[in-house]
Protein chains: 2
Amino acid sequence: MNVDDGIARWRRVADGIRTLAAESDADGGLLPSEAALAERFGVNRHTVRRAIAALAAEGLVHTERGRGTFFRKLPGRLHYPIGTRTRFSENISRQAREPAGRLIQASVEPADARIAAALGLRIGAAVHRMETLHVADGMPLSVSTSWFSVERFPAIVAAYAETGSVSKALEAHGLVDYHRRETRVAAEHVSPADAAHLACPADAIVIVAESLNVDPEGQPMQRSRTRFAADRIELVFAT
Amino acid sequence: MNVDDGIARWRRVADGIRTLAAESDADGGLLPSEAALAERFGVNRHTVRRAIAALAAEGLVHTERGRGTFFRKLPGRLHYPIGTRTRFSENISRQAREPAGRLIQASVEPADARIAAALGLRIGAAVHRMETLHVADGMPLSVSTSWFSVERFPAIVAAYAETGSVSKALEAHGLVDYHRRETRVAAEHVSPADAAHLACPADAIVIVAESLNVDPEGQPMQRSRTRFAADRIELVFAT
DNA sequence: TAGAGTTGTCTATATAACTATACAAGTTGA
DNA sequence: TCAACTTGTATAGTTATATAGACAACTCTA
């Protein structure tokens, strides 16, 4: 606990307590006393108290004077199956009620080299760029940026805004089947804009999944980059 | 830059400069001056200097008095294909020379409920627990914890230590083919122990991939939990 | 009820982090 | 050479972080 790495000790103690709570299987369990935690992490009791205060502000723990500090068992991460036919609504609705997609922002822009190559368009061709937020049971799970050819899907934005679902918006263009060709998974610190949409702390982590959806003829039609709140979801690749 | 979140400002400035460098396509480029960076991030010039000192210690930048600070273009993320027959050595050797696995620690322990269920053993059955480090071209890429049944693979640890490869260690037990049944992907802050092995900063991110390998008869034989340095690798799921 | 164990609060001190200002020393190009 | 830029260094003051100890307030059990 002495490395000069720009991370306050109370924050590392807080992270340590968080994993303590996560690894315990008991629900509503009792944490070790502040004195015990201080000794375990090699810090002063006041530092432990600051860590606990931060966790209490997050809602992870609550303290009762004379009794101790209790942690709440957080709901486990939702499973997000990634396969060849992934649909946000279908996947999540098996685990949570009321999945919903909301349009954050949309614009038409010329395709840069990367988007053009992915969608099989010429550079500069008009593409829709849609920012969408995905929520389940009131909890924001992911923010996604998608690109579609304007020529092929002229009304995709309006259709999405109306239905809250990419599948349904594509159906409105006569495309009833499509599948995922490739998914690349990385992880990064959340951007300030995404943190605001996902309602997560500034040092949170997002899993970044970039994928390409193709129609039954193998023609690419949607390029997307989705940022998942890493503390709320895990991706499951079944084989 | 004013949130009271226990992360030093110089560290966040350092992260900001890191992404500045990553987003630039120029190689060996010149960073903005310390004064300009201080204004951009809303901090004092000395704070910028401390951030730059940290980056210089990492080898990402170097400064020349009177001229400025230059960054080195880091190699892009390696692609780690995840499929039904993923092998570390084979995958990485297509992109980098000299992939190597090194045994960090090994022990025999009784299987807890989770491991027992995954491997199809009874609770308390002896399992090998192996911590391994995977390196390519001198750069640590991942740390992995694996569990094997002691009864079925009595000499797995010695075989791995000798060959540096799980595939070869399993071959030594007569198992020439196996495949990956499921992979769960999450992302977390790196643990202090893993940060030391991966030689990455304390606030770095790891992609956590938990998977189960099964033999040709469908019998689970290896449970593993791999932590990838998220700034060096991305997982690719081709479908 | 008494005592042991818990959290809450207070004061004090030391160190690290950050800011502010000034100037020296080096580089570049007009 | 000179002016305008850059980084390097020094000093000082302020705020945040962490430690140390003492004691009050509260809970539980013997």
>> Which label fits A/His62 and A/Phe70: parallel for a plane angle under 30°, tilted from 30 to 60°, or perpendicular past 60°?
In response: parallel
> Take atom CD in B/Glu39; do more than 12 heavy atoms of anything else shown fall under 6.0 Å from it?
Replying inline: no
> Can you check the B/Phe41 CZ to C/dC18 C1' distance for me, whole Å?
Replying inline: 16 Å
> Between A/Glu210 and A/Arg114, is there a salt bridge with N-O shorter than 4.0 Å?
Replying inline: yes
>> So, does B/Thr63 get its side chain near the phosphate of D/dT7, meaning an N or O under 4.0 Å from OP1 or OP2?
In response: no
>> Walk along nucleotides 18-29 of chain D from 5' to 3' and tag each nucleotide B, S or - by protein heavy-atom contact under 4.0 Å, base first, then sugar-phosphate.
In response: SBBBB-BBBSS-
> For B/Glu34 and D/dT9, what is the distance between atoms CD and P respectively, to the nearest whole Å?
Replying inline: 11 Å
> When the distance from CG of A/Asp5 to P of C/dA17 is rounded to whole Å, what number comes out?
Replying inline: 9 Å
> After noting the C-alpha distance and the side-chain angles of B/Arg67 and B/Arg65, does the key distance pass the side chain to side chain contact (heavy atoms under 4.5 Å, CB included) rule?
Replying inline: CA-CA 5 Å; B/Arg67 306 224 305 140; B/Arg65 182 174 197 166; over 6 Å; no
>> Rounded to whole Å, how long is the line connecting atom CZ of B/Arg49 with atom P of C/dA24?
In response: 17 Å
> Would you find a donor on one side and an acceptor on the other, under 3.5 Å apart, between the side chain of A/Arg232 and the backbone of A/Pro140?
Replying inline: yes
>> The criterion is ring pair (Phe, Tyr, Trp, His ring centres under 6.0 Å); which residues satisfy it with A/His46, sequence neighbours excluded?
In response: none
